[in-house]
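Each remark here refers to the structure printed beneath this line.
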Amino acid sequence: MRYITFALAKGRLANKAMEMLSNIGIDCEEMKDPDSRKLIFTNEELKMKFFLAKAPDVPTYVEYGAADIGIVGRDTILEEGRKIYEVLDLNMGKCRMCVAGPKEAAELLKHGERIRVATKYPNIAKDYFFNKKHQTVEIIKLNGSIELAPIVGLSEVIVDIVETGTTLRENGLDVLEEVCPLSARMVVNEVSMKMEQERIAKVINGLKGLLANDNK
Ligand code: PRP
(Lines give C-alpha, C1' and ligand atoms only; values in the text may rest on other atoms or scores of the structure.)
Protein backbone atom coordinates (compact mmCIF):
# COMPACT_ATOMS: atom_id res chain seq x y z
CA MET A 1 0.00 0.00 0.00
CA ARG A 2 1.39 3.42 -0.84
CA TYR A 3 1.47 6.34 1.59
CA ILE A 4 -1.25 8.98 1.64
CA THR A 5 0.50 12.29 2.25
CA PHE A 6 -1.05 15.31 3.98
CA ALA A 7 0.31 18.86 3.60
CA LEU A 8 -0.81 21.11 6.44
CA ALA A 9 -0.55 24.91 6.60
CA LYS A 10 1.91 25.61 9.41
CA GLY A 11 0.59 27.14 12.64
CA ARG A 12 -2.74 27.18 14.39
CA LEU A 13 -4.53 25.61 11.44
CA ALA A 14 -2.24 22.57 11.42
CA ASN A 15 -2.73 21.99 15.15
CA LYS A 16 -6.51 22.22 14.87
CA ALA A 17 -6.52 20.00 11.79
CA MET A 18 -4.44 17.32 13.57
CA GLU A 19 -6.90 17.48 16.46
CA MET A 20 -9.80 16.87 14.07
CA LEU A 21 -7.96 14.04 12.32
CA SER A 22 -7.12 12.37 15.63
CA ASN A 23 -10.85 12.35 16.44
CA ILE A 24 -11.40 10.10 13.41
CA GLY A 25 -8.49 7.83 14.30
CA ILE A 26 -5.80 9.51 12.19
CA ASP A 27 -2.98 10.27 14.53
CA CYS A 28 0.74 10.92 14.35
CA GLU A 29 2.71 10.44 17.57
CA GLU A 30 5.96 11.65 15.97
CA MET A 31 4.41 15.03 15.28
CA LYS A 32 3.62 15.77 18.92
CA ASP A 33 7.25 16.39 19.96
CA PRO A 34 7.49 20.22 20.11
CA ASP A 35 11.33 20.14 19.97
CA SER A 36 11.49 18.09 16.79
CA ARG A 37 13.09 19.72 13.74
CA LYS A 38 11.84 16.98 11.45
CA LEU A 39 9.89 18.20 8.46
CA ILE A 40 7.91 15.09 7.64
CA PHE A 41 6.21 12.64 9.97
CA THR A 42 5.00 9.11 9.35
CA ASN A 43 2.35 6.82 10.75
CA GLU A 44 3.53 3.41 9.49
CA GLU A 45 0.41 1.60 10.66
CA LEU A 46 -1.92 3.83 8.66
CA LYS A 47 0.59 4.27 5.83
CA MET A 48 0.21 8.02 6.09
CA LYS A 49 2.69 10.88 6.02
CA PHE A 50 2.21 14.44 7.25
CA PHE A 51 4.23 17.58 6.61
CA LEU A 52 3.96 21.23 7.50
CA ALA A 53 4.42 23.88 4.83
CA LYS A 54 3.97 27.63 4.46
CA ALA A 55 0.27 28.15 3.68
CA PRO A 56 0.75 29.48 0.10
CA ASP A 57 2.84 26.39 -0.75
CA VAL A 58 0.16 23.87 0.31
CA PRO A 59 -1.91 24.14 -2.93
CA THR A 60 1.34 23.82 -4.93
CA TYR A 61 2.31 20.54 -3.22
CA VAL A 62 -1.22 19.23 -3.78
CA GLU A 63 -1.45 20.26 -7.44
CA TYR A 64 1.82 18.47 -8.25
CA GLY A 65 0.83 15.40 -6.25
CA ALA A 66 3.68 15.74 -3.73
CA ALA A 67 0.82 15.72 -1.23
CA ASP A 68 -2.47 13.89 -1.83
CA ILE A 69 -4.42 15.99 0.65
CA GLY A 70 -3.93 19.57 1.83
CA ILE A 71 -5.44 21.54 4.67
CA VAL A 72 -5.32 25.28 4.11
CA GLY A 73 -7.40 28.47 4.29
CA ARG A 74 -9.78 29.44 1.50
CA ASP A 75 -7.88 32.74 1.21
CA THR A 76 -4.79 30.84 0.06
CA ILE A 77 -6.78 28.58 -2.27
CA LEU A 78 -8.36 31.60 -4.00
CA GLU A 79 -5.08 33.49 -4.19
CA GLU A 80 -3.01 30.62 -5.56
CA GLY A 81 -5.63 29.46 -8.11
CA ARG A 82 -4.12 25.96 -8.41
CA LYS A 83 -5.76 23.02 -10.18
CA ILE A 84 -6.94 21.05 -7.14
CA TYR A 85 -10.23 19.75 -5.79
CA GLU A 86 -11.68 21.58 -2.81
CA VAL A 87 -13.64 18.84 -1.06
CA LEU A 88 -14.60 19.99 2.42
CA ASP A 89 -15.21 23.09 4.51
CA LEU A 90 -13.66 22.26 7.89
CA ASN A 91 -15.73 24.92 9.60
CA MET A 92 -12.74 26.31 11.51
CA GLY A 93 -10.47 29.31 11.14
CA LYS A 94 -13.54 31.31 10.17
CA CYS A 95 -12.90 34.90 9.12
CA ARG A 96 -13.64 37.33 6.27
CA MET A 97 -11.69 38.87 3.42
CA CYS A 98 -12.49 42.57 3.55
CA VAL A 99 -11.73 45.93 2.05
CA ALA A 100 -10.76 48.12 5.00
CA GLY A 101 -9.48 51.62 5.55
CA PRO A 102 -10.26 54.90 7.28
CA LYS A 103 -13.98 55.82 7.25
CA GLU A 104 -13.39 58.59 4.70
CA ALA A 105 -12.16 56.08 2.16
CA ALA A 106 -15.73 54.72 1.81
CA GLU A 107 -16.49 57.63 -0.56
CA LEU A 108 -13.59 56.66 -2.84
CA LEU A 109 -15.04 53.16 -3.13
CA LYS A 110 -18.50 54.47 -3.97
CA HIS A 111 -17.30 56.74 -6.73
CA GLY A 112 -15.05 54.19 -8.42
CA GLU A 113 -11.92 56.33 -8.10
CA ARG A 114 -8.49 55.11 -9.12
CA ILE A 115 -7.22 54.32 -5.61
CA ARG A 116 -4.27 52.33 -4.27
CA VAL A 117 -5.04 49.00 -2.60
CA ALA A 118 -2.38 47.34 -0.42
CA THR A 119 -2.69 43.60 0.14
CA LYS A 120 -1.01 40.26 0.66
CA TYR A 121 -3.62 38.86 -1.76
CA PRO A 122 -3.16 40.65 -5.14
CA ASN A 123 -5.16 38.07 -7.13
CA ILE A 124 -8.15 38.21 -4.78
CA ALA A 125 -7.99 42.02 -4.74
CA LYS A 126 -7.74 42.21 -8.56
CA ASP A 127 -10.64 39.84 -9.02
CA TYR A 128 -12.77 41.84 -6.59
CA PHE A 129 -12.03 45.32 -7.94
CA PHE A 130 -11.64 44.56 -11.65
CA ASN A 131 -14.14 41.75 -12.23
CA LYS A 132 -16.78 42.29 -9.57
CA LYS A 133 -16.73 46.06 -8.99
CA HIS A 134 -15.39 47.14 -12.38
CA GLN A 135 -13.19 49.67 -10.61
CA THR A 136 -9.67 50.30 -11.87
CA VAL A 137 -7.28 50.42 -8.93
CA GLU A 138 -3.55 50.14 -8.32
CA ILE A 139 -2.72 46.96 -6.38
CA ILE A 140 0.34 47.16 -4.10
CA LYS A 141 1.61 43.78 -2.86
CA LEU A 142 2.77 43.64 0.77
CA ASN A 143 3.84 40.67 2.88
CA GLY A 144 2.30 41.39 6.28
CA SER A 145 1.07 44.03 8.74
CA ILE A 146 -1.08 45.32 5.88
CA GLU A 147 -2.97 47.67 8.23
CA LEU A 148 0.08 49.94 8.23
CA ALA A 149 -0.40 50.92 4.58
CA PRO A 150 -3.31 53.38 4.89
CA ILE A 151 -1.92 54.73 8.17
CA VAL A 152 1.42 55.75 6.65
CA GLY A 153 -0.09 56.83 3.32
CA LEU A 154 1.04 53.96 1.12
CA SER A 155 -2.53 53.22 0.03
CA GLU A 156 -6.08 54.47 0.47
CA VAL A 157 -7.48 51.04 1.43
CA ILE A 158 -6.37 47.46 2.08
CA VAL A 159 -7.74 44.03 1.23
CA ASP A 160 -7.02 41.76 4.17
CA ILE A 161 -8.31 39.10 6.52
CA VAL A 162 -10.49 40.25 9.40
CA GLU A 163 -11.10 37.78 12.19
CA THR A 164 -12.05 39.53 15.43
CA GLY A 165 -11.63 43.05 14.00
CA THR A 166 -9.21 43.96 16.81
CA THR A 167 -6.30 44.87 14.53
CA LEU A 168 -8.47 47.25 12.52
CA ARG A 169 -10.06 48.81 15.61
CA GLU A 170 -6.75 49.38 17.38
CA ASN A 171 -5.43 51.14 14.30
CA GLY A 172 -8.43 53.37 13.64
CA LEU A 173 -9.58 51.48 10.54
CA ASP A 174 -12.98 50.06 9.57
CA VAL A 175 -14.35 47.30 7.41
CA LEU A 176 -15.64 49.12 4.32
CA GLU A 177 -16.75 46.18 2.17
CA GLU A 178 -16.80 42.41 2.50
CA VAL A 179 -15.10 40.44 -0.28
CA CYS A 180 -15.95 36.89 0.87
CA PRO A 181 -16.20 34.61 3.90
CA LEU A 182 -13.21 32.35 4.66
CA SER A 183 -12.49 29.15 6.56
CA ALA A 184 -10.12 26.18 6.48
CA ARG A 185 -10.66 23.73 3.63
CA MET A 186 -9.52 20.25 2.71
CA VAL A 187 -8.13 20.02 -0.82
CA VAL A 188 -7.20 16.93 -2.83
CA ASN A 189 -4.91 16.21 -5.79
CA GLU A 190 -6.96 15.44 -8.89
CA VAL A 191 -5.16 12.16 -9.72
CA SER A 192 -5.08 10.96 -6.08
CA MET A 193 -8.83 11.50 -5.91
CA LYS A 194 -9.22 8.78 -8.56
CA MET A 195 -6.29 6.48 -7.71
CA GLU A 196 -6.84 6.49 -3.93
CA GLN A 197 -10.58 7.07 -4.04
CA GLU A 198 -11.42 4.64 -1.25
CA ARG A 199 -8.88 5.82 1.32
CA ILE A 200 -9.45 9.50 0.60
CA ALA A 201 -13.25 9.13 0.70
CA LYS A 202 -12.87 7.50 4.11
CA VAL A 203 -11.02 10.58 5.41
CA ILE A 204 -13.58 12.97 3.88
CA ASN A 205 -16.55 11.00 5.23
CA GLY A 206 -14.93 10.66 8.65
CA LEU A 207 -14.47 14.43 8.88
CA LYS A 208 -17.98 15.04 7.53
CA GLY A 209 -19.39 12.84 10.29
CA LEU A 210 -17.36 14.73 12.88
CA LEU A 211 -18.56 18.09 11.56
CA ALA A 212 -22.19 16.91 11.50
CA ASN A 213 -21.90 15.87 15.16
CA ASP A 214 -20.40 19.27 16.06
CA ASN A 215 -23.45 20.97 14.58
CA LYS A 216 -25.91 18.96 16.66
C1 PRP B 1 -4.05 38.61 10.12
C2 PRP B 1 -4.63 39.67 9.21
C3 PRP B 1 -4.91 40.82 10.15
C4 PRP B 1 -5.25 40.10 11.44
C5 PRP B 1 -6.74 40.09 11.62
O6 PRP B 1 -2.72 38.88 10.26
O7 PRP B 1 -3.74 40.01 8.18
O8 PRP B 1 -3.78 41.61 10.30
O9 PRP B 1 -4.76 38.75 11.35
O10 PRP B 1 -7.13 39.53 12.85
P11 PRP B 1 -8.11 40.30 13.85
O12 PRP B 1 -9.28 40.78 13.04
O13 PRP B 1 -8.51 39.22 14.82
O14 PRP B 1 -7.37 41.40 14.50
P15 PRP B 1 -1.65 37.82 10.73
O16 PRP B 1 -1.66 37.73 12.21
O17 PRP B 1 -1.86 36.55 10.00
O18 PRP B 1 -0.27 38.49 10.29
P19 PRP B 1 0.18 39.41 9.08
O20 PRP B 1 -0.20 40.79 9.45
O21 PRP B 1 1.64 39.21 9.00
O22 PRP B 1 -0.55 38.95 7.84
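One-based numbering, in listed order, for ligands and for the atoms of each. All residue numbers in this chain count up from 1 along the given sequence.
Between the side chain of E147 and the backbone N or O of L168 there is no donor-acceptor pair closer than 3.5 Å. In this structure, E63 contributes its side chain and I84 its backbone to no donor-acceptor pair below 3.5 Å.
Protein heavy atom at the shortest distance from atom 5 (C) of ligand 1 is I161 O, 3.4 Å. Remark: minimum distance from atom 14 (O) of ligand 1 to any protein heavy atom is reached at T167 OG1, 2.4 Å. Of all protein heavy atoms, the one lying nearest to atom 18 (O) of ligand 1 is K120 NZ, 4.6 Å.
Applying ring-ring contact (aromatic ring centres under 6.0 Å, His included) to F51 and the options F41, Y61, F6 leaves one that passes, Y61. Of the residues listed (R96, K110, K133, K132), the one engaging E177 in a salt bridge (Lys or Arg N to Asp or Glu O under 4.0 Å) is K133, and it is the only one.
Within a 4.0 Å radius of atom 22 (O) of ligand 1, the protein contributes at least one heavy atom. For atom 1 (C) of ligand 1, no protein non-hydrogen atom is found at a distance below 4.0 Å. Checking atom 16 (O) of ligand 1 against the protein gives no heavy-atom contact under 4.0 Å.
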Query raised in the report: Would R74 and E86 count as a salt bridge (charged side-chain N to carboxylate O under 4.0 Å, His left out) if you check the C-alpha gap in whole Å, the side-chain angles of each, and the deciding distance to 0.1 Å?
Result: CA-CA 9 Å; R74 182 175 182 232; E86 186 186 314; 5.0 Å; no
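By the 4.0 Å N-to-carboxylate-O rule, K32 lies close enough to E29 to be salt-bridged with it.
When the options E163, R169, E147 are ranked by their closest heavy atom to atom 8 (O) of ligand 1, first place goes to E147.
In the vicinity of S145, heavy-atom distances shorter than 4.0 Å reach the ligand 1 atoms 19 (P), 20 (O), 21 (O). Within ligand 1, the atoms closer than 4.0 Å to a non-hydrogen atom of V162 are 12 (O), numbered from 1 in the order shown. Below 4.0 Å from some heavy atom of T164 lie the following atoms of ligand 1, by number and element: 11 (P), 12 (O), 13 (O), 14 (O). Close approach of ligand 1 to G165 is summarised as follows: ligand atoms under 4.0 Å from at least one heavy atom of the residue are 11 (P), 12 (O), 13 (O).
In this structure, a donor-acceptor pair under 3.5 Å is present between the side chains of Y3 and E44. Using modelled atom types and a 3.5 Å distance limit, the side chains of S36 and D33 yield no donor-acceptor pair.
Contacts of D160 with ligand 1, taken as heavy-atom pairs under 4.0 Å, involve the side chain alone.
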